[in-house]
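Residues: numbered from 1 along the sequence shown. Order of appearance sets the numbers: ligands from 1, and atoms from 1 within every ligand.
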Amino acid sequence: MKKYVCTTCGVQYPASSEEPKACPICEEERQYVNPDGQSWTTHDELISSGRYRNVIKQEEEGLYSITTTPEIGIGQTAYLVVEDGFITLWDCLTYLDDETVEFIQSLGGIDAIALSHPHYYSRQSDWAEVFDAPIYIHADDREWVMEPSERIHFWKGEEKQLKEGVTLHRLGGHFKGGAVLHWKNGNEGRGTLLTGDIIQVVQDRNWVSFMYSYPNLIPLPASKVEEMAQKTAGLSFNILYNAFHKVVRNDASKVVQQSAERYVKALEGKWFAT
Ligand SMILES: [Zn+2]
Ligand SMILES: [Zn+2]
């Protein structure tokens with residue numbers, strides 16, 4: 001029996017004697033099946049290949065990024081938020097080696113694992129076992145959990161506080177349960193927002209964007225983007241990190257509002273003429 005990992009999205013499936021028939025996450029329009037066909041690996045294969053390592057970088061006081069190199073699956077970056085001794089892992093990675101475990105243990109381990117949306121569920125249940133930590137996923141995305149775990153808490157409603165000053169907010173959009181993490185004391189008290197793909201940092205770091213499907217370029221309705229902007233307007237933050245190590249460094253709250261406005265105008269044909 002092996003726990004197979006989809007090579008395109010990096011999500012792990014429960015132990016089985018044969019490869020799963022398909023990856024429902026990749027077969028859906030917000031992801032894609034590799035044009036060469038569905039393929040699988042296992043975490044043991046990734047470790048024994050000796051090809052991979054996790055690069056851990058301190059981004060600011062109390063915030064660390066973790067990125068696997070070379071890329072596995074979607075290639076996301078996960079973050080560790082340290083707030084008054086409470087450590088949250090924001091989003092998750094497929095690859096977990098001894099060096100990564102030792103580093104995280106040296107910080108104090110993990111108290112909570114919180115996910116923005118299903119594309120980063122990766123090997124969350126195994127990380128939860130290793131660090132003896134609960135996983136927080138919005139209940140609206142329950143159907144996308146491929147490897148069930150007793151450690152998963154499905155939270156409901158619009159927000160969930162993990163620790164004073166560390167709160168998940170459901171913005172929806174890309175996924176119905178799509179969540180962001182607001183860290184009130186981050187960025188030297190000016191506030192930090194971790195967004196996964198729910199709010200996307202674009203090439204021009206003075207702007208962000210919002211999509212239903214990134215690989216297939218399917219936008220969100222104007223009403224949904226307005227709703228996401230409204231929900232974000234109540235949060236105080238100066239800096240914003242996405243899932244690909246891209247950062248809006250200043251006035252990020254204003255950047256989100258202006259970007260939502262531009263997006264809606266573009267959808268309504270009021271931003272440009274071509
Ligand atoms: Zn997949
Ligand atoms: Zn995504």
* Considering residues at least two apart in sequence or located in another chain, which fulfil the side chain to side chain contact (heavy atoms under 4.5 Å, CB included) criterion with Arg151? -> Ala128, Glu129, Asp132, Ser149
* Taking Leu220 as the fixed residue, which of Met211, Met228, His174, Glu227 is the one that meets the side chain to side chain contact (heavy atoms under 4.5 Å, CB included) rule? -> Met228
* Asked: About how large, to 10 degrees, is the angle NE2 of His117, then the Zn ion (ligand 2), then OD2 of Asp197?
  -> 90°
* **Salt bridge flag under 4.0 Å for residues Lys3 and Asp44** => no
* **Of the N, O or S atoms in His119, the one nearest the Zn ion (ligand 2)** => ND1
* Asked: Can you find a side-chain donor-acceptor pair between Ser122 and Thr94 that sits under 3.5 Å?
  -> no
* Asked: How would you list all residue pairs meeting salt bridge (Lys or Arg N to Asp or Glu O under 4.0 Å) that involve residues 74-90, not counting sequence neighbours?
  -> Asp84-Lys163
* Asked: Which residue pairs pass the side chain to side chain donor-acceptor pair (under 3.5 Å) test when at least one of the two sits in residues 102-116, sequence neighbours left out?
  -> Asp91-Ser116
* Asked: More than 12 heavy atoms of other residues, nucleotides or ligands under 6.0 Å from NZ of Lys231: is that the case?
  -> yes
* Asked: Leaving out waters, which are not shown anyway, how many protein N, O or S atoms lie closer than 2.8 Å to the Zn ion (ligand 1)?
  -> 4
